[in-house]
Amino acid sequence: MVSPDPHGNSVVRVLRSMTPLTLVPARRVGPVALVHLVSSVTAPLGGDSLSLTVEVERGASLELRGVAATLLLPGSSGAESSSLVRFHVQGNLCYKPEPTVVTGRANHTAVVEAELDGHAQLRTREVLVLGRAGEASGALSSTVRATRCGKPLLHQQLVVGSPSIDGSPAGLAGKRVVGTELVLDSVARESDGGEWWSVVPLAAGGTLATALGEDVVTVTRVLDAI
């Protein structure tokens, strides 16, 4: 949980974590608190069920960053793995994990749920890599659900792992990397797009940007430019 102090600094008041997801706060004082998300062991493996809850109080700002790519790996049992991230935001939150690699035979379900109050702002990015070098992608279902004061803002689902769909123009057009960046605020914006990227305004404010490419560097640069 992050809340403001009397001087306008954002302070991490409550921090609890355990292997395989370890939260490490940065030693800095300022209007934005920084916490790093560290995978202290290889995870998730097939059969793992991971969860993370983040609370940002009114007047506080948090940047939650990953430090290394996440590998989705199969387990010996063949069971599905899952992750659930919940955000309760009254202030400002920026969530930027490092890319996720969907390795062969992985079977993972990822869900992000965000509840914002009337003035909260959220920015979150997801970059997916379909398989390691020379490897076909495993299966991943990634869902983002966001509400503001209980009213729906976005319900987005991306499913990868089917070669025929991933390779089709209606899917990912054979691109190996897909990135999305969601911005939820009160700013009205116009739609935009170019070669292998698009920006879609949301009815209640904010945007959803999507970029496709052959490598992480290219997709990240496009998202940064947007």
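A quick note: this is a predicted structure, and the numbers were derived from the prediction, not measured.
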Participant: Below 4.5 Å, heavy atoms only, C-beta onward: do Leu212 and Val177 meet side chain to side chain?
Facilitator: no
Participant: Is it true that atom CD of Glu195 has more than 12 heavy atoms of other residues, nucleotides or ligands lying nearer than 6.0 Å?
Facilitator: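 No - once you tally the heavy atoms of other residues, nucleotides and ligands closer than 6.0 Å, there are 12 at most.
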Participant: Is it possible for you to say whether Leu62 and Val183 belong to one hydrophobic cluster, with membership spreading through side-chain heavy-atom contacts below 4.5 Å?
Facilitator: no
Participant: For atom CZ of Arg221, decide whether the heavy atoms of other residues, nucleotides or ligands shown that lie under 6.0 angstrom number more than 12.
Facilitator: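 Not buried by this count: 12 neighbours or fewer within 6.0 Å.
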Participant: Considering all heavy atoms of both residues, which atom of Glu98 and which atom of Ala68 are nearest to each other, and what is their separation?
Facilitator: CB-O, 3.2 Å
Participant: Any side-chain heavy-atom pair from Ser142 and Glu126 closer than 4.5 angstrom?
Facilitator: yes
Participant: If you count every heavy atom of other residues, nucleotides or ligands that lies below 6.0 Å from Arg105 atom CZ, does the total exceed 12?
Facilitator: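 Atom CZ in Arg105 is not crowded, with 12 or fewer foreign heavy atoms closer than 6.0 Å.
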Participant: Before you tell me yes or no, could you show the steps for Thr100 and Val127 under side chain to side chain contact (heavy atoms under 4.5 Å, CB included), namely the whole-Å CA-CA distance, both residues' side-chain angles and the distance that decides it to 0.1 Å?
Facilitator: CA-CA 6 Å; Thr100 296; Val127 177; over 6 Å; no
Participant: Any side-chain to backbone donor/acceptor pair from Ser168 onto Gly171? Under 3.5 Å, distance only.
Facilitator: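 Such a contact is found between Ser168 side chain and Gly171 backbone.
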Participant: Is the side chain of Arg148 donor-acceptor paired with the backbone N or O of Asp117 at a distance under 3.5 Å, no angle test?
Facilitator: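 Judged by distance alone, yes, a pair lies under 3.5 Å.
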Participant: Val219 and side chain to side chain contact (heavy atoms under 4.5 Å, CB included): which partner among Leu223, Val216, Asp215, Val217?
Facilitator: Leu223
Participant: So for atom CG, which belongs to Leu15, do other residues, nucleotides or ligands contribute more than 12 heavy atoms lying within a distance under 6.0 Å?
Facilitator: yes
Participant: Would Leu202 and Leu154 satisfy side chain to side chain contact (heavy atoms under 4.5 Å, CB included), going step by step from the backbone distance to the final call?
Facilitator: CA-CA 8 Å; Leu202 304 178; Leu154 175 75; 4.3 Å; yes
Participant: Look at the side chain of Ser10 and the backbone N and O of Pro31, then say whether any donor-acceptor pair between them is shorter than 3.5 Å.
Facilitator: yes
Participant: Is there side-chain contact between Val111 and Ser141, with heavy atoms separated by less than 4.5 Å?
Facilitator: no
Participant: If we only count heavy atoms from C-beta on, is the Arg13 to Asp5 side-chain gap below 4.5 Å?
Facilitator: yes
Participant: Counting only heavy atoms not in Arg86, do more than 12 sit closer than 6.0 Å to its CZ atom?
Facilitator: no
Participant: Indicate if Leu52 and Val56 have the same hydrophobic cluster label, given that clusters are the connected sets of ILVMFWY residues with side-chain heavy-atom separations under 4.5 angstrom.
Facilitator: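 The answer is yes; both residues are in one hydrophobic cluster.
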Participant: Give a yes or no answer on whether the side chain of Asp166 reaches the backbone of Leu172 with a donor-acceptor pair at less than 3.5 Å.
Facilitator: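 Here the side-chain-to-backbone pair does not exist.
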Participant: Counting distance only, does the side-chain N/O of Thr207 pair as donor-acceptor with the main-chain N or O of Ala209 below 3.5 Å?
Facilitator: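 Here the side-chain-to-backbone pair does not exist.
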Participant: For the OG1 atom of Thr124 and the CG atom of Leu93, what is their distance to the nearest 0.5 Å?
Facilitator: 7.5 Å
Participant: Could you tell me whether the side chain of Glu80 reaches within less than 4.5 Å of the side chain of Thr109, counting heavy atoms only?
Facilitator: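 They are in contact (side-chain heavy atoms under 4.5 Å apart), so the answer is yes.
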Participant: Looking only at atom types and distance, does a side-chain atom of Thr103 sit under 3.5 Å from a main-chain N or O of Leu72, one as donor and one as acceptor?
Facilitator: yes
Participant: Do Leu64 and Val2 share a hydrophobic cluster, counting only Ile, Leu, Val, Met, Phe, Trp and Tyr and linking them when any side-chain heavy atoms are less than 4.5 Å apart?
Facilitator: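 Leu64 clusters together with Val2.
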Participant: Considering all heavy atoms of both residues, which atom of Ser3 and which atom of Glu57 are nearest to each other, and what is their separation?
Facilitator: CB-OE1, 3.0 Å
Participant: Would you mind reporting whether Val54 and His88 have side-chain heavy atoms less than 4.5 Å apart?
Facilitator: no
Participant: Look at the side-chain heavy atoms of Ile, Leu, Val, Met, Phe, Trp and Tyr, link any pair under 4.5 Å apart, and say whether Val32 and Val35 land in one connected group.
Facilitator: no
Participant: With a 6.0 Å cut-off (strictly less than), is the heavy-atom count around CZ of Arg16, excluding the residue itself, greater than 12?
Facilitator: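 No, because the 6.0 Å sphere around CZ of Arg16 holds 12 heavy atoms or fewer from other groups.
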Participant: Is Glu214 salt-bridged to Lys175, cutoff N-O under 4.0 Å?
Facilitator: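 Salt bridge flag = yes for Lys175 with Glu214.
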Participant: Look at the side-chain heavy atoms of Ile, Leu, Val, Met, Phe, Trp and Tyr, link any pair under 4.5 Å apart, and say whether Leu128 and Leu182 land in one connected group.
Facilitator: no
Participant: Between Arg145 (side chain only) and Val112 (backbone N and O only), is there a donor and an acceptor less than 3.5 Å apart?
Facilitator: no
Participant: Using a distance-only test with no angle check, is there a side-chain donor-acceptor pair under 3.5 angstrom linking His108 and Ser82?
Facilitator: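 The answer is no; no qualifying pair exists.
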Participant: Between Val85 and Tyr95, does a side chain to side chain contact (heavy atoms under 4.5 Å, CB included) hold up when you go through it step by step?
Facilitator: CA-CA 11 Å; Val85 180; Tyr95 175 55; 4.3 Å; yes
Participant: For the residue pair Thr143 / Gln156, report whether a side-chain donor-acceptor contact shorter than 3.5 Å exists.
Facilitator: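 There is no such pair between these side chains.
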